[in-house]
**Q** 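Have a look at this one before I ask anything.
Residues take their numbers from the sequence shown, with the count starting at 1.
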Amino acid sequence: MAFTGKYILESQENYEHFLEAIGLLSAKTDHKVVTEVVQDGDHFTWTQSIPNWTWSNEFTIGQECELQTMTGAKFTANVTMEGGKIKIQFPQYLFTAEIVEDKLEINCTTPGLVFKRVNTRT
């Protein structure tokens, strides 16, 4: 499947501004985030980790799913895919992810700010 793989952070833009915008500036880290995606058809397991912290969600495209934020707060959202781009509306931002030239590009958009991460497949 297109998304399946393990990725390591290559570059990011607006990281600190994004954390500040969602009230998580204290979570700032210099560790490179590792993202692991397992895709089985429309079902995904999406895990991000750094030393001493792991955040994971499971979801199915086209269904309303129970997810959790980086702080562990649970919420419900409809997960969609448009043009190969996954879209999930988190409580404080819109999450999108797509594969571009074998790299995982993630954008988190809040009003007036886009936090962008480019991740290289390992």
**Q** Would you give the length of the straight line joining atom CD1 of Ile88 to atom CZ of Phe44, rounded to the nearest 0.5 angstrom?
**A**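 These two atoms lie 9.0 Å from each other.
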**Q** Testing the basics here: between Gln39 and Ala2, what is the closest heavy-atom pair and its distance to 0.1 Å?
**A** OE1-N, 3.5 Å
**Q** Taking side-chain contact (heavy atoms from CB on, under 4.5 Å) as the definition, give me every residue that meets it alongside Val114, ordered by chain and number, with sequence neighbours left out.
**A**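 In terms of side-chain contact (heavy atoms from CB on, under 4.5 Å), with neighbours along the sequence ignored, Val114 is linked to Asn107, Thr109.
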**Q** Let me check something: do Leu94 and Phe18 share a hydrophobic cluster, defined by ILVMFWY side-chain heavy atoms less than 4.5 Å apart, either directly or through other members?
**A**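 No, it is not one cluster - the side chains of Leu94 and Phe18 are not joined through contacts under 4.5 Å.
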**Q** Calculate, to the nearest 0.5 Å, the distance between atoms OG1 and CG belonging to Thr35 and Leu9 respectively.
**A** 8.0 Å
**Q** Answer with yes or no whether the hydrophobic clustering places Val38 together with Leu67; edges join I, L, V, M, F, W, Y residues whose side-chain heavy atoms lie under 4.5 Å apart.
**A**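 As far as the 4.5 Å side-chain criterion goes, Leu67 and Val38 are not connected within one cluster.
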**Q** Are Tyr93 and Phe115 close enough that their ring centres sit under 6.0 Å apart?
**A** no
**Q** How close do Thr120 and Lys103 get, heavy atom to heavy atom, and via which atoms?
**A**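 For Thr120 versus Lys103, the nearest heavy atoms are OG1-CE, 4.3 Å.
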**Q** So if you build clusters from Ile, Leu, Val, Met, Phe, Trp, Tyr with side-chain heavy-atom gaps below 4.5 Å, do Tyr15 and Leu104 land together?
**A** yes
**Q** For the pair Glu105 (side chain) and Val100 (backbone), establish whether a donor and an acceptor sit closer than 3.5 Å, ignoring hydrogens and angles.
**A**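 No, Glu105 side chain to Val100 backbone: no donor-acceptor pair under 3.5 Å.
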**Q** Just how far is it from atom OG1 of Thr96 to atom CD1 of Ile86, taken to the nearest 0.5 Å?
**A** 9.5 Å
**Q** Among all residues two or more places apart in sequence or in another chain, which pass the side-chain contact (heavy atoms from CB on, under 4.5 Å) test with Glu36?
**A**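 Partners of Glu36 by the side-chain contact (heavy atoms from CB on, under 4.5 Å) criterion, ordered by chain and then number, come out as Lys6.
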**Q** Atom CE in Met81, atom CD in Glu98: separation rounded to 0.5 Å?
**A**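 Rounded to the nearest 0.5 Å, the CE-CD separation comes to 10.5 Å.
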**Q** Sort and list the pairs that fulfil side-chain hydrogen bond (donor to acceptor under 3.5 Å, both in side chains) and have at least one residue in residues 55-65, not counting sequence neighbours.
**A** His43-Glu58, His43-Thr60, Thr47-Ser56
**Q** For Ala97 and Phe3, work out which heavy atoms get closest and say how close.
**A**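 Looking at all heavy atoms of both residues, the closest pair is O-CZ, 3.7 Å.
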**Q** Do the non-hydrogen side-chain atoms of Ile99 and Arg121 ever get within less than 4.5 Å of each other?
**A** yes
**Q** If you take all heavy atoms of Asn78 and Gly62, which pair is closest and at what distance?
**A** OD1-C, 3.8 Å
**Q** Under the 3.5 angstrom rule, does the side chain of Glu20 hit a backbone N or O of Ile22 as a donor-acceptor pair?
**A**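 Between the backbone of Ile22 and the side chain of Glu20 there is no qualifying donor-acceptor contact (under 3.5 Å).
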**Q** Rounded to the nearest 0.5 Å, what separation is found between the CZ atom of Arg117 and the NZ atom of Lys32?
**A**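 Rounded to the nearest 0.5 Å, the CZ-NZ separation comes out at 11.0 Å.
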**Q** Got a second to check how far Glu66's CD is from Phe75's CZ, nearest 0.5 Å?
**A**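 Output value for this atom pair is 9.5 Å.
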**Q** Please tell me whether Trp53 and Val34 are part of a single hydrophobic cluster in this structure, the criterion being side-chain heavy atoms less than 4.5 Å apart.
**A** no
